[in-house]
Protein chains: 2
Amino acid sequence: MVESGLLRSYTVDSKGKEHIYMFGPENWIVTDNCPPGSPCQLYIDAIEDAVLKVATKEELLKETPDINALLRRLNAMQTRIVMLMSANAKERYEHFIQTYPDIIQRVPQRMIASYLGITPEALSRVRKELSHRQQ
Amino acid sequence: MVESGLLRSYTVDSKGKEHIYMFGPENWIVTDNCPPGSPCQLYIDAIEDAVLKVATKEELLKETPDINALLRRLNAMQTRIVMLMSANAKERYEHFIQTYPDIIQRVPQRMIASYLGITPEALSRVRKELSHRQQ
DNA sequence: TTCATTTCTTGATGTACATCAATGCAGCCG
DNA sequence: CGGCTGCATTGATGTACATCAAGAAATGAA
């Protein structure tokens, strides 16, 4: 649970490449929740200096069995999947800046590219095209 | 809630193409859970004749506030995102047949391709390559 | 300030997968 | 039986994005 600062969780694929799964700004819970018996998928580290509240799953569920928070999270994941399946690089970026305008300010572009599932070069070109189009 | 049969939920992108978000076999809950005020993303229909139990969100949460089911579902979504971001067509297919061997038998290949985020043609070629390799 | 380090951009080329089009191959119904 | 209809396969071609490599620009430390 992030009290201040900014975390990221990410996987590393078979070629050693990192893919950011989610950003964790203030008040987000960042966790892998690996099912018992199977290994975790995610690494977690801090992009900004952060203050965290660390808890086990049991403590967390006892404190705040907040079903609605879980449902919102499920919904965010659903939107992410839909985006990854049905939108191209430009559409994904546009959706991201609308949905998380604050995050954009705080992380380097290469991490946004990683979150979107594209390379930094591809993101750079998308941004160039968008900035031209505005004028 | 699926009592028998098989559902699919899917989106339709800006070009009219369908993308299967999830399959709903027996005992799965299939829903969009759209946040209030925003439109839904998913269509739902039946691949096999099905018997359903239909409930509102409130009824469902009152009956079975099953946090662990929600967590498992979150985990499945996480795995799906990780796959879409970090695995190629062949890896995604191999993961799918390991994770949902039963589903393979029950749906046409074009729907599996749609779930994997590739075209039926691409899936056909992946399968061809895998069957050659086995011999 | 200067140098070092990292990030961003730009261009040239490569590749995984999409698209398009044709063919094969069931199952089904007259 | 023949003809239809939808799915799977195969080949040829197209394209979005990746990769590689080189600068440019920002960041940060001494």
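The chains referred to below are lettered A, B, ... by the order of the sequence lines, with proteins before strands, and numbering in each begins at 1.
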- Query: With ring centroids as reference points, do Y10(A) and Y21(A) lie under 6.0 angstrom apart?
  - Reply: no
Between [atom2] on [N] and [atom1] on [X], what's the gap in Å once rounded to a whole number?
X: R110(A); N: dA25(D); atom1: CZ; atom2: C1'; value: 16 Å
X: L130(A); N: dT9(C); atom1: CG; atom2: C1'; value: 15 Å
X: Y93(A); N: dC17(D); atom1: OH; atom2: C1'; value: 17 Å
X: E48(A); N: dT27(D); atom1: CD; atom2: P; value: 15 Å
X: N88(B); N: dA18(C); atom1: CG; atom2: C1'; value: 15 Å
X: Q109(B); N: dC25(C); atom1: CD; atom2: P; value: 15 Å
X: E91(A); N: dA16(D); atom1: CD; atom2: C1'; value: 12 Å
X: M111(B); N: dA8(D); atom1: CE; atom2: C1'; value: 14 Å

- K17(A) side chain near dT19(D) phosphate (N/O to OP1/OP2, under 4.0 Å): yes
- Do the side-chain N or O atoms of K128(A) get closer than 4.0 angstrom to the phosphate oxygens (OP1, OP2) of dT9(C)?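 Result: no.
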- Query: Around atom CG of D102(A), are there more than 12 heavy atoms of other residues, nucleotides or ligands at under 6.0 Å?
  - Reply: yes
- Task: Identify the two heavy atoms, one from L42(A) and one from D32(A), that lie closest to each other, and give their separation to 0.1 Å.
- Result: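 Between these two residues, the closest heavy atoms are N-OD2, 2.8 Å.
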- Message: Taking the nucleotide of DNA chain D with the nearest heavy atom to each, does R92(A) or P108(B) sit closer to the 5' end?
- Response: P108(B)
- Please state whether the rings of F23(A) and Y115(A) are parallel, tilted or perpendicular, taking 30° and 60° as the class boundaries.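 Taking Y115(A) first and then F23(A), their aromatic rings lie parallel (interplane angle under 30°).
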- Sole residue of N27(B), L52(B), V51(B) in side chain to side chain contact (heavy atoms under 4.5 Å, CB included) with E3(B):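 In the set N27(B), L52(B), V51(B), the residue that makes a side chain to side chain contact (heavy atoms under 4.5 Å, CB included) with E3(B) is V51(B).
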- What parts of residues 114-125 of chain B reach DNA chain C, counting only heavy atoms under 4.0 Å away?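 Those residues are G117(B), I118(B), T119(B), E121(B), A122(B), R125(B).
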- Given side chain to side chain contact (heavy atoms under 4.5 Å, CB included), test E91(A) with S86(A) step by step and report yes or no. CA-CA 9 Å; E91(A) 292 166 334; S86(A) 66; over 6 Å; no
- Query: Just by distance, do the side chain of R8(B) and the backbone of D45(B) share a donor-acceptor pair under 3.5 Å?
  - Reply: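 It does not hold such a pair.
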